Amino acid sequence: MPLMLHNTMSRKKEAFTPLDPARVRVYVCGPTVYDDPHIGNARPVVVFDVLFRLLRQVYGPEHVTYVRNITDVDDKINARASERGVDIRTLTEDTAKRFRDDMQALGALAPTHEPRATEHIGGMIALIQTLIERGHAYAAEDHVLFAVQSKPDYGCLSHRTRDELIAGARVEVAPYKRDPADFVLWKPSTPDLPGWDSPWGRGRPGWHLECSAMSEQFLGRDFDIHGGGLDLVFPHHENEIAQSTAAFPGTGFARVWLHNGYLVVDGEKMSKSLGNFLTVRGLRAEFPGEALRMALLGTHYRQPLDFTKAGVTRAKRQLDRLYQPLKEAASAKDTTDTPPLPFLAALEDDLNTPLAIHHLRETAQCLNKALTDKDARLIGKFKGELLAGGALMGLAQGDPQAWFHGKPFAQQDGQNPHRSPPKSQPDQPANRLPLTESTGAEGAHVEAQIAERKSARLRKDFAAADRIRKELLAQGVALEDKPDGTTDWKRAG
RNA sequence: GGCCCGGUGGCAGAGUGGCCAUGCAGAGGACUGCAAAUCCUCGUACGUCGGUUCGAUUCCGGCCCGGGCCUCCA
C-alpha cells in the first residue's frame with residue numbers, strides 16, 4: 001500500500017511519491033526560542049517525528065533528510081532578552097537546549113539539520129535581492145516588502161484571494177505599503193536591537209523569509225514535504241510559497257503540505273491567564289515523557305486534540321499494556337523486525353496513529369496469548385512485531401522492567417529513565433538515555449519484603465502476607481504473584 | 001462578513017453505504033489462598049430535520065451546537 005498523505009494544498013489525501021526516493025526531503029517549522037515549549041508546541045514535533053520514522057522505514061534511514069529550523073531572531077525574543085538583561089544569543093542558546101531536551105524526552109529523534117535563522121541572514125538578503133530584481137519586492141522607508149499583487153496565485157495554500165484577506169480588515173496598513181496585503185521581508189532595527197547590515201540599512205529579516213532561505217539551502221528549490229501547525233497555513237506558509245516560487249520561477253517549493261490540528265487543554269484554548277498553560281517541562285515532572293507522547297499520538301494529527309491529564313494517565317496505562325507482555329517475554333528472542341501489516345497500513349493511511357496504536361495493542365494481546373500457551377515460535381514473532389511497530393512510533397522501546405520500576409515522577413528531576421535507546425536508531429546518540437538504576441536501595445527493601453511475604457505464604461500465614469502486600473501498596477508498590485511462585489513488583493498508579 | 005474544520009456509547013477515540021472498531025470505566029466468568037497480571041463473555045453510539053438509496057452513522061441539502069483562521073500563535 002502506498003503512503004497516503006493529506007495535502008493541505010489540494011485538500012485531499014494523495015499517494016506520496018518522492019521527487020527522488022534516494023533523497024526524501026522534509027521541512028518542518030520549528031520553535032521560536034524565547035520560552036520553554038508548551039504541550040501544543042510538542043504536537044507537531046511528535047507527529048512529524050512519526051512521519052520521519054515512517055519515511056526512514058520505507059525509503060531507508062540514509063535516504064531521508066529532515067530539517068527543522070530554530071527561529072532565533074524575533075520581537076518576542078528581543079523583548080525576553082532585554083527583560084533578562086542578556087543578549088539574544090545567550091537566551092536562544094539556552095532555550096534551544098531546553099527545547100531539544102524536552103523533545104528528546106518525548107522520544108523525538110533529532111532532525112537531520114536544525115538550522116538557526118541568524119546563521120542564514122546572508123541567504124535571506126540574497127533572496128530579497130532576487131525578489132527585488134524580479135519585481136516581486138520593493139524597498140520603502142528602510143523596509144523591504146513583498147508585493148503580493150505581483151503573484152497572481154497568492155493564496156493558493158490557504159485558498160483565499162487577496163481581496164478576501166483584505167476583507168478580514170485586520171491587516172496592518174502601514175503607510176509605506178503599496179498594497180495592504182504586502183508583508184515584510186526586511187525591517188529596520190534600532191541601535192539597541194539585534195541587526196545585520198544590508199543594502200537597505202541595518203535591520204532584521206521578516207519571519208517568513210527564514211524558512212524560504214533555509215529550506216533552499218538544505219533541501220533545494222523543490223522538495224517533498226513541508227509541515228507545521230494548522231495556524232501556520234496563513235500567513236506563514238502562504239508567504240513562504242510566494243517568496244520561494246517568485247524568486248525561483250519554474251520551481252514548485254514543497255509538493256505536499258501537512259498541517260496538524262490544534263491542541264486545547266481541558267477543552268479550552270491554552271493560555272496563561274486561564275491557568276491551563278502546560279509546559280512540557282512541567283508535565284515531565286508528573287508523567288513519563290513516553291506517556292505524553294502516547295497521549296499526543298492517541299488522536300489523529302489533523303483532528304483537534306483535547307489534552308488532559310486524565311488522558312495522559314490513560315496513555316500511561318496503554319503503555320503498561322504494551323510493556324506488560326514485553327516484560328513477560330523478556331527472555332524470549334524476537335524473531336522478526338517487521339511491524340504487523342495492519343499497523344503499517346494504518347500509519348501509511350495519512351498517519352492514522354490511533355488506529356496504529358490499536359493494532360499494536362492487538363499484537364500485544366497476541367503476545368499475551370502466546371505467553372499463556374507457551375508457544376515459543378509465536379512469542380518470538382509477536383514480540384518482534386510489537387517491538388518493530390513500537391520503534392516506528394517511538395513507543396515501547398524501553399526496558400520493560402525499568403518502565404514498571406521507575407521512580408514516581410513527582411520525585412524525579414531531569415530525564416525520563418524509562419526510555420532506553422530506540423532499537424532501530426542506534427546511530428542517534430542524541431536519543432540514548434541512561435537507564436537509571438531506579439531500583440537501588442528501595443528495590444532492595446521491596447525485595448526483602450517480598451521474601452518475607454513468601455515465607456509467610458509458605459507457612460499459609462495469609463494474614464501476614466496480605467499485610468505486607470498492603471503496606472507495600474501504601475508505599476506505591478504493587479505486587480504480582482507469578483505462577484512459578486516468584487513475585488514481581490511494579491509502581492502502582 | 002469571508003474561509004475552514006468538527007459534533008460517534010459514561011469517558012477517550014478510529015472507521016464504514018448493509019456485518020466487529022478499540023481502550024478506559026462498568027457487569028459476569030476463568031486463573032489465584034485472596035489479589036494483581038492475563039484470557040474469555042456482555043451492555044450502552046453515531047447532533048438535528050429532510051433528501052438520494054432496497055438500505056445511511058457513513059453520500060447530499062437545511063438547521064442547531066462547538067472550534068479555528070482572516071499579517072508574524074505549533
Side-chain angles (χ1 to χ4, degrees), chain A residues 8 11 28-32 37-48 71 74-76 148 155 158-161 163-174 177 180-184 187 206-209 227-236 238-239 259-264 267-271 295 298-300 302-306 308 310-311 313-315 317-318 320-321 324-325 327-328 346 349 352-359 361-362 364-365 367-369 371-373 404 457 460-463 465-466 469-470 473 478-483 487-490 492:
Chain A
T8 307
R11 291 178 176 171
V28 172
C29 290
T32 300
H38 56 68
I39 190 64
N41 300 121
R43 169 126 99 145
V45 173
V46 169
V47 162
F48 294 116
T71 299
D74 163 272
D75 287 349
K76 283 193 291 287
V148 165
S158 53
H159 304 98
R160 269 184 269 247
T161 65
D163 292 344
E164 284 170 346
L165 296 171
I166 304 300
R170 272 164 57 181
V171 179
E172 177 202 355
V173 186
K177 285 187 179 181
D182 291 352
F183 58 90
V184 172
K187 56 185 164 188
W207 173 41
H208 317 298
L209 195 59
L230 192 61
D231 53 323
L232 295 183
V233 172
F234 189 88
H236 186 54
E238 196 70 75
N239 291 353
H259 293 96
N260 62 274
Y262 259 92
L263 178 148
V264 295
E268 294 189 280
K269 186 161 178 169
M270 184 162 46
S271 74
T299 297
H300 183 86
R302 283 193 289 115
Q303 291 291 110
L305 167 59
D306 188 4
T308 63
T313 303
R314 244 194 319 266
R317 273 198 222 108
Q318 286 191 300
D320 287 346
R321 300 262 293 183
Q324 180 74 27
K327 187 185 74 167
E328 301 300 329
D349 184 13
N352 193 338
T353 51
L355 190 58
I357 289 167
H358 158 232
H359 289 303
R361 302 203 44 167
E362 255 176 4
Q365 190 170 31
L367 180 54
N368 274 324
K369 285 176 191 166
L371 285 159
T372 305
D373 298 344
F404 289 114
R457 291 178 73 209
K460 304 274 187 216
D461 185 355
F462 295 119
D466 289 351
R469 184 168 62 194
K470 211 173 157 187
L473 190 60
L479 297 187
E480 194 174 313
D481 294 333
K482 315 300 287 187
T487 298
D488 248 356
W489 66 275
K490 62 184 182 186

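Chain letters run A, B, ... following the sequence lines, proteins first, then strands; residues in each count from 1. All figures in this text were calculated on a predicted structure; none of them were measured in a lab.
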Range-with-range stems for RNA chain B, at least three Watson-Crick or G-U pairs under 3.5 Å: B:1-7 with B:64-70, B:10-12 with B:22-24, B:26-30 with B:38-42, B:47-51 with B:59-63
OP1 or OP2 of A74(B) under 4.0 Å from side-chain N/O of N260(A): no
Rounded P spacing from C34(B) to G29(B) in Å: 13 Å
Contacts of S158(A) that satisfy side-chain hydrogen bond (donor to acceptor under 3.5 Å, both in side chains) - sequence neighbours left out: E238(A)
Any N/O donor-acceptor pair, R11(A) side-chain to C4(B) base, under 3.5 Å: no
Nearest to side-chain heavy atoms of H300(A), which nucleotide of A14(B), C69(B), A74(B): A14(B)
Sugar-phosphate, base or nothing in reach of G40(A), heavy atoms under 4.0 Å: base
T308(A): partners by side-chain hydrogen bond (donor to acceptor under 3.5 Å, both in side chains), with sequence neighbours left out: none
Spacing of L263(A) atom CG and N41(A) atom CG [to the nearest 0.5 Å]: 9.5 Å
Results of side-chain hydrogen bond (donor to acceptor under 3.5 Å, both in side chains) for Q365(A) - residues two or more places apart only: none
U8(B) versus G23(B) - spacing of their C1' atoms, nearest Å: 15 Å
H359(A): side chain to side chain contact (heavy atoms under 4.5 Å, CB included) partners, not counting sequence neighbours: P342(A), F343(A), A346(A), L355(A), E362(A)
Contacts of type ring pair (Phe, Tyr, Trp, His ring centres under 6.0 Å), residue F183(A), not counting sequence neighbours: F146(A), H208(A)
R457(A)/D481(A) salt bridge by N-O under 4.0 Å criterion: yes
W207(A) or E480(A), whichever maps to the more 5' nucleotide of RNA chain B: E480(A)
Sugar-phosphate only, base, or nothing, as touched by Q324(A) at under 4.0 Å among non-hydrogen atoms: sugar-phosphate
Residues forming a ring pair (Phe, Tyr, Trp, His ring centres under 6.0 Å) with H300(A), sequence neighbours excluded: none
Distance between C1' atoms of C4(B) and C42(B) (Å, rounded): 42 Å
C1' gap between U32(B) and G67(B), integer Å: 50 Å
P gap between U16(B) and G6(B), integer Å: 13 Å
Sugar-phosphate only, base, or nothing, as touched by K470(A) at under 4.0 Å among non-hydrogen atoms: nothing
Residue-phosphate contact under 4.0 Å: K482(A) side-chain N/O, A35(B) OP1/OP2: no
Under-4.0 Å side-chain N/O to phosphate OP1/OP2 contact, K76(A) with C73(B): yes
N/O (side chain, N368(A)) to phosphate O (OP1/OP2, A37(B)) under 4.0 Å: no
Phosphate OP1/OP2 of U38(B): any T372(A) side-chain N/O under 4.0 Å: no
Side chain to side chain contact (heavy atoms under 4.5 Å, CB included) involving D466(A) - partner list, sequence neighbours excluded: R469(A)
Side chain to side chain contact (heavy atoms under 4.5 Å, CB included) partners of T372(A), counting only residues at least two apart: none
What protein N or O atoms touch nucleotides 30-33 of chain B N or O atoms at under 3.5 angstrom, if any, and at what distances?
from, atom 1, to, atom 2, distance (Å)
G33(B), O6, R453(A), NH2, 3.3
G33(B), O6, R457(A), NE, 3.2
G33(B), N1, D466(A), OD1, 3.0
G33(B), N2, D466(A), OD1, 3.3
G33(B), N2, D466(A), OD2, 2.6

L230(A) CG - C73(B) C1' separation (whole Å): 12 Å
Contacts under 3.5 Å, N or O only, protein and nucleotides 20-23 of chain B:
from, atom 1, to, atom 2, distance (Å)
G23(B), O3', R361(A), NH2, 3.4
G23(B), O2', R361(A), NH1, 3.2

Integer angstrom distance from the P of A27(B) to that of G66(B): 36 Å
Residue-phosphate contact under 4.0 Å: Y262(A) side-chain N/O, C69(B) OP1/OP2: yes
For K460(A), all residues meeting side chain to side chain contact (heavy atoms under 4.5 Å, CB included), sequence neighbours excluded: F462(A)
Phosphate OP1/OP2 of A74(B) contacted by N41(A) side-chain N/O (<4.0 Å): yes
Sugar-phosphate only, base, or nothing, as touched by Q303(A) at under 4.0 Å among non-hydrogen atoms: sugar-phosphate
